[in-house]
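Okay, structure first, notes after.
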Amino acid sequence: MNKISIIFAASASLLLASCGQGDVLYADKAVVNLSPVEGNPSAGYMDLHGGRLDVELVAVTSDDVLRMEMHETVEKDGMTSMNKIKSIPVPAGKTVKLEPGGKHLMIWGVGEGSINRRLLTMTLIYSNNDRIQINAVVKKAGEAAPADE
Ligand SMILES: [Cu+2]
């Protein structure tokens with residue numbers, strides 16, 4: 001058996017509220033915006049909340065996609081482009097947003113099952129070997145954002 005701890009963080013915000021601490025490594029507000037064009041990659045966004053230690057998000061995986069990459073949008077000479085990045089620093093106690101125009105996930109081949117249930121399960125892998133499983137809300141193009149609870 002490996003020593004990797006798996007934390008199910010689907011309701012991490014509830015957990016956080018109930019224990020009243022701000023230094024738990026977790027992620028929330030995860031969303032996958034499906035590409036309106038079949039074959040084009042979809043984009044993933046979320047809030048990454050730092051724990052007690054400075055760590056890096058080194059990979060995001062899912063059993064129900066063909067490929068997932070971490071990207072950063074960069075602007076140079078008025079032109080916007082994207083670079084693939086190897087990791088995303090998540091400083092202790094800080095919140096790092098994956099959002100349009102910034103760092104984001106690029107996702108190819110989201111499975112029909114996840115699209116139909118409107119949830120994509122993904123695993124965040126950190127540099128300290130923590131693994132956090134989250135469910136991202138899958139949104140079709142043009143669909144309104146789900147109400148914030
Ligand atoms: Cu991208």
Side-chain angles (χ1 to χ4, degrees), residues 1-17 19 21-74 80-143 145-146 148-149:
M1 294 293 290
N2 61 37
K3 289 191 288 186
I4 292 165
S5 56
I6 296 181
I7 303 163
F8 291 90
S11 52
S13 54
L14 292 174
L15 188 77
L16 190 76
C19 70
Q21 290 172 356
D23 49 6
V24 176
L25 188 67
Y26 73 103
D28 62 5
K29 296 183 184 157
V31 155
V32 172
N33 289 337
L34 293 175
S35 169
V37 181
E38 182 142 2
N40 281 10
S42 303
Y45 307 110
M46 68 184 71
D47 288 358
L48 302 170
H49 300 276
R52 291 173 189 278
L53 305 169
D54 292 349
V55 294
E56 292 185 354
L57 180 66
V58 293
V60 184
T61 66
S62 173
D63 289 341
D64 201 28
V65 306
L66 290 178
R67 188 154 61 100
M68 184 143 52
E69 293 178 355
M70 296 187 286
H71 279 195
E72 185 169 39
T73 303
V74 289
T80 311
S81 62
M82 295 190 296
N83 290 337
K84 193 175 163 180
I85 51 177
K86 287 204 163 82
S87 64
I88 296 173
V90 184
K94 295 276 190 325
T95 297
V96 176
K97 283 181 177 290
L98 306 192
E99 58 190 353
K103 296 186 173 94
H104 58 275
L105 301 175
M106 208 94 266
I107 307 165
W108 286 262
V110 178
E112 284 296 325
S114 296
I115 293 173
N116 290 338
R117 73 184 179 117
R118 297 301 173 89
L119 287 176
L120 177 66
T121 302
M122 49 175 85
T123 304
L124 311 180
I125 304 173
Y126 293 89
S127 52
N128 63 347
N129 263 343
D130 269 7
R131 292 179 179 224
I132 298 178
Q133 194 170 72
I134 60 168
N135 283 316
V137 175
V138 174
K139 288 195 296 175
K140 293 187 173 174
E143 217 169 48
D148 219 340
E149 289 168 359

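Every heavy atom of this structure was used, including side-chain atoms; hydrogens, water molecules and symmetry mates were not.
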Would a 4.5 Å heavy-atom cut-off, applied to side chains only, mark K86 and V58 as touching?
-> no
Correct closest heavy-atom pair for A136 and V31 would be CB-N, 4.1 Å
For L120 and V138 the tightest heavy-atom approach is N-CG2, 3.6 Å
Between I115 and V110, the two heavy atoms sitting closest are CD1-O, 3.6 Å
Rounded to the nearest 0.5 angstrom, the OH-CG distance for Y126 and D54 is 13.0 Å
Full working for side-chain contact (heavy atoms from CB on, under 4.5 Å) between K140 and R118:
CA-CA 9 Å; K140 293 187 173 174; R118 297 301 173 89; 3.6 Å; yes
dist L48:CG -> E56:CD (nearest 0.5 Å) comes out at 12.0 Å
For I107 and V65 the tightest heavy-atom approach is CG2-CG1, 3.5 Å
Only residue of M70, M46, M82 satisfying side-chain contact (heavy atoms from CB on, under 4.5 Å) with H104 is M82
Side-chain contact test, heavy atoms from C-beta onward, threshold under 4.5 Å: evaluate it for T121 versus S62 and give yes or no.
-> no
Quiz item: Mind checking whether V96 and P91 have side chains closer than 4.5 Å, heavy atoms only?
Solution: yes
**Prompt:** So H71 and W108, would you call those rings parallel, tilted or perpendicular, with 30° and 60° as cut-offs?
**Reply:** perpendicular
One should read off an interatomic distance between T95 OG1 and Y26 OH, to the nearest 0.5 angstrom, of 6.5 Å
Quiz prompt | Residues V55, D130; criterion side-chain contact (heavy atoms from CB on, under 4.5 Å); working and verdict | solution = CA-CA 9 Å; V55 294; D130 269 7; over 6 Å; no
With sequence neighbours left out, the residues meeting side-chain contact (heavy atoms from CB on, under 4.5 Å) with T123 are T61, I125, R131, Q133
Taken to the nearest 0.5 Å, the spacing of M68 CE from L105 CG works out to 6.0 Å
Q. Passes side-chain contact (heavy atoms from CB on, under 4.5 Å), I134 versus M122? Steps please.
A. CA-CA 6 Å; I134 60 168; M122 49 175 85; 3.7 Å; yes
Rounding to 0.5 Å, atoms CG (L124) and CG (L25) come to a distance of 8.5 Å
Separation between OG (S42) and NZ (K139), nearest 0.5 Å, reads 12.0 Å
Fill in: D63 atom CG, neighbour heavy-atom count above 12 within 6.0 Å
no
